[in-house]
Amino acid sequence: MARNTELATLSHCWNCGFEAPPGSDEWDRLDAVSIGTLTRCPECGSTDVSTGR
């Protein structure tokens with residue numbers, strides 16, 4: 001059961017599948033003036049990231 005809970009709280013890159021805890025230092029950050037800070041995948045550079053899939 002703990003494994004399922006852990007997986008539910010990971011952020012996921014929809015482009016390459018990279019996963020890590022949300023807000024962790026494993027994720028890159030991108031500051032966009034018009035929208036604020038975006039989470040960016042360190043593997044492929046995509047910002048198409050979701051939390052808890």
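These values consider heavy atoms only, across backbone and side chains, with no hydrogens, waters or symmetry-generated copies. Numbers here are sequence positions counted from 1.
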Name every donor-acceptor pair, under 3.5 Å, that has one atom in a side chain of residues 21-38 and the other anywhere in the protein, sequence neighbours excluded.
| residue | atom | partner | partner atom | Å |
| --- | --- | --- | --- | --- |
| Ser24 | OG | Pro21 | O | 3.1 |
| Ser24 | OG | Glu26 | N | 3.3 |
| Trp27 | NE1 | Ala20 | O | 3.4 |
| Trp27 | NE1 | Pro21 | O | 3.2 |
| Arg29 | NH2 | Gly23 | O | 3.3 |
| Arg29 | NH2 | Ser24 | O | 3.4 |
| Asp31 | OD1 | Thr37 | OG1 | 2.9 |

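Once rounded to the nearest 0.5 Å, the distance linking CZ of Arg40 with CG of Asp48 reads 14.0 Å.
Of all non-hydrogen atoms in Cys44 and Cys41, the two that sit nearest each other are N-SG, 3.6 Å. Across all non-hydrogen atoms, the minimal contact from Glu43 to Cys16 is CB-SG, 3.8 Å.
At a cut-off of 3.5 Å, with distance as the only test, no side-chain donor of Trp14 or Ser46 sits close to an acceptor on the other residue.
For the pair Pro42 and Phe18, the minimum side-chain heavy-atom distance is below 4.5 Å.
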